[in-house]
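Remarks on the structure that follows.
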Amino acid sequence: MALEKIQKENDIKDLQPEELKILADEVRQFLIEKISVTGGHLASNLGVVELTMALHLVLDLPEDKLIWDVGHQSYTHKLLTGRKAGFDDLRKYGGMSGFPKRKESDCDAFDTGHSSTSISAGLGYVAARELTGETYNVVSVIGDGSLTGGMAYEALNNASRLKSNFIIILNDNNMSISENVGGMSRYLNGLRTAQAYTDLKKGVEDTLKRIPVKGERIVHQVKKTKSGIKQLFVPGMFFEDMDITYLGPVDGHDIRKLVKILNEAKRVDRAVLVHVITKKGKGYPPAEENPARFHGTGPFEIETGEPKDKSDKDSYTDVFSKVLTDIGRKDEKVVAITAAMADGTGLSRFAGRFPQRFFDVGIAEEHAMTFAAGLAAGGMKPVFAVYSSFLQRAYDQTIHDVCLQKLPVFIAVDRAGLVGSDGETHQGVFDLSYLSSIPNMTVMSPKNRWEMADMVRFAVDFPYPIALRYPRGAAYEGMRQFRAPIEYGKSELLFREKEIAILFVGHMSELADRVRQRLKEDGLSCSLINARFVKPLDTEMLDDLLKDHSLFATVEENVLTGGYGEQVLRYLSGKEKTVRVLNFGIADDYVEHGSVDVLRKEVGLDCESVSEKIEKEYHAMTRKNR
């Protein structure tokens, strides 16, 4: 068993050449077996097994620095650095992360989670290396999907000025999560077929060298004109034209060739890009056939690839998808935009029905937002569906290009709140704060599946910027009896009593209802209010509740700083009547990976924690007033 010989970093170098193929097979089998139980990123990891092995063969870790873009493809790297035992608790609370973490291992040079960052981080390491006089190697791995992000080009522009070695690995599998789109994708398709150039170059060079006396001189002269020759065979030579040496393309599943080209790359005294062709999902037929399905997967049956936990309930994303497609049939001005997440955001349904009105811009959230602004200025009704965590990347464009001009862009904020196993970089717990801080923005959130449908319809026709935030997972089917028409800026009074008022945001509805029931069982009087709109704040409702309530409790799955609760607290603090306000949300910290239920308990957003704190505060207030 070759994998058993890997106990720590650099152990792979002690294997015999014939053991490397065995190790690759064992790594794939290990990953399939473990991820089928824990869930995780499978297809991307299966595609980079040999590439990761080759990198570990030519680098000395942790002295050399290996940076993974996004980082979800780092599982083999974790295996080769002695973290095999950690896979039993992969992505569980307190267990091993599914992404590189510096606190987890010295071999993880940089924490990642979002795309298009690795070249910039690598350049920082190179600059630090030069300033300190050290000699370690720096390698940044970036996928062709991540190369659609503008930040990568900003970094490439600066990398072109280097006079020392910096290796960029372009892991080219023709995929991001969904299939790649755009000009860079077409360009790389051309490079993939450029083997004719590589073969010609080698054949010509070998022939010329055999010419007596003058052969070497002729080869030298030919090399001086290599750029001109390349232009004949490789379209554009984008990287070479930027003064970045281009090597490849090379088979990303041939360890011998990979090791050879990586060693060659280490000898280049400038930025060098190694173009590696890999197959996403390699070695597991279901993942090869449907790499998007196995990009991030829950537990599954190995034999069939089918999910172990099948739910027949619609998610909030499903509701959004169905309602938006239905609206699209009636309104030809509705257009949909995704940043390489057509499946994840539910826009695949709309894309299949209205391909001319669907736009996948690649991993380019900043461009997507301003593109949506342009569509809105042109008279269309753009809907940009994006995960909360990724929307953060388009904050500037939301402020300047959408809200400043009051353009009617509908931002469908998916995966809002705690998303679970992907951890700190993916928790959608900041959007209420940063969206609420923008003038001209409206922010709303639904309590259940029926309100979700109503809010999608409301948002599509809203004449100004609007964001609808909703969580991952099954749409709540409780509170169906409450379906008052949506009125701009107005919250929904579900139960009106006295003394205690619980105001919740969106999918905190189930928790808030359970808390109210528990308080009622303990003999307390309690009103329940569905905020509906985080911005604008429904001050009329707050003024009405002030008449006969002394304790307000706000519940949101967002950071407390700048969130809904803080807005309520700020408004009520300016009133003459003294009331107590408890804000329940997420403290000023990042939330690590784990199941959503476990994380909610950890951050104090579970029924027991919320109920106990409310009761304790109410009884303390009652005693004080006696």
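Residues: numbered from 1 along the sequence shown. Note that the structure is a prediction, hence the values are computed from the model and not measured. Computed over heavy atoms, backbone and side chain alike; hydrogens, waters and symmetry mates excluded.
- When atom types are taken as modelled, the side chain of Arg270 and the backbone of Asn165 share no donor-acceptor pair closer than 3.5 angstrom.
- At a cut-off of 3.5 Å, with distance as the only test, no side-chain donor of Asp69 or Ser140 sits close to an acceptor on the other residue.
- Residues His507 and Glu557 have side chains that bring a donor and an acceptor to within less than 3.5 angstrom of each other.
- In terms of modelled atom types and a separation under 3.5 Å, the side chain of Gln427 and the main chain of Glu592 share a donor-acceptor contact.
- Ion pairing between a basic and an acidic side chain is recognised when a charged N comes within 4.0 Å of a carboxylate O; Lys163 and Glu130 show no such pairing.
- Between the side chain of Ser421 and the backbone N or O of His593 there is no donor-acceptor pair closer than 3.5 Å.
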Step-by-step side chain to side chain contact (heavy atoms under 4.5 Å, CB included) determination, Leu123 to Leu162: CA-CA 9 Å; Leu123 274 172; Leu162 286 178; 3.7 Å; yes
Verdict with reasoning, Asp11 to Lys8, per salt bridge (charged side-chain N to carboxylate O under 4.0 Å, His left out): CA-CA 6 Å; Asp11 279 355; Lys8 63 182 185 308; 3.0 Å; yes
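- Looking only at distances, a side-chain donor or acceptor of Thr112 sits under 3.5 Å from a matching main-chain atom of Trp68.
- Aromatic rings from Phe300 and Phe294 are positioned such that their centres are separated by under 6.0 Å.
- Note that the CE atom of Met1 and the CG atom of Leu23 stand 10.0 Å from one another [nearest 0.5 Å].
- Below 30°, between 30° and 60°, or above 60°: for Phe239 and Tyr246 the angle between ring planes is below 30°, a parallel geometry.
- For the pair Lys65 and Tyr136, the distance from NZ or CZ to the six-membered ring centre is under 6.0 Å and the angle to the ring normal is within 45 degrees.
- Aromatic ring centres of His114 and Phe390: separated by under 6.0 Å.
- Under a 3.5 Å cut-off, the side chain of Lys13 and the backbone N or O of Leu59 do form a donor-acceptor pair.
- Between the side chains of Tyr395 and Ser437, at least one donor N or O sits under 3.5 Å from an acceptor N or O.
- By the 4.5 Å heavy-atom criterion applied to side chains, Leu273 and Thr245 are not counted as neighbours.
- In this structure, the separation between NE2 on His56 and OG1 on Thr81 is 6.0 Å, given to the nearest 0.5 Å.
- Lys84 has no carboxylate O lying under 4.0 Å from a charged side-chain N of Glu4, or vice versa, which leaves the two without a salt bridge.
- Checking side-chain atoms of Arg28 against main-chain N and O of Lys282 turns up a donor-acceptor pair under 3.5 Å.
- You'll find the side chain of Val555 reaches within 4.5 Å of the side chain of Leu605, heavy atoms only.
- Inter-residue side-chain proximity for Ile169 and Ile142 is flagged as unmet; no heavy-atom pair is nearer than 4.5 Å.
- Under 3.5 Å, the side chains of Ser164 and Arg129 contain a donor-acceptor pair of N or O atoms.
- Side chains of Glu602 and Tyr93: a donor on one and an acceptor on the other come within 3.5 Å.
- A distance-only check finds no donor-acceptor pair linking the side chain of Asp254 to the backbone of Val250 [under 3.5 Å].
- Using a distance-only test at 3.5 Å, with no hydrogens or angles considered, a donor-acceptor pair links the side chain of Asp108 to the main chain of Lys101.
- By the 4.5 Å heavy-atom criterion applied to side chains, Leu79 and Leu31 are counted as neighbours.
- In this model, a donor atom of one side chain and an acceptor atom of the other lie less than 3.5 Å apart for Asp431 and Ser388.
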Side chain to side chain contact (heavy atoms under 4.5 Å, CB included) evaluation trace for Val58 with Asp64: CA-CA 10 Å; Val58 302; Asp64 291 336; over 6 Å; no
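- For the residue pair Asp414 / Thr345, no side-chain donor-acceptor distance below 3.5 Å is found, with atom types taken as modelled.
- Between the Ser74 side chain and the His77 main chain, no donor and acceptor come within less than 3.5 Å of each other.
- Checked against a 6.0 Å centroid threshold, the rings of His426 and Phe99 count as neighbours.
- Salt bridge Asp25/Lys21: present, at least one basic N to carboxylate O contact under 4.0 Å.
- There is a side-chain donor-acceptor pair under 3.5 Å between Asn171 and Thr278.
- At least one donor-acceptor pair under 3.5 Å links the side chain of Arg393 to the backbone N or O of Ser115.
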Intermediate values then yes/no, salt bridge (charged side-chain N to carboxylate O under 4.0 Å, His left out), Glu19 and Lys5: CA-CA 10 Å; Glu19 292 181 287; Lys5 297 181 180 180; 2.5 Å; yes
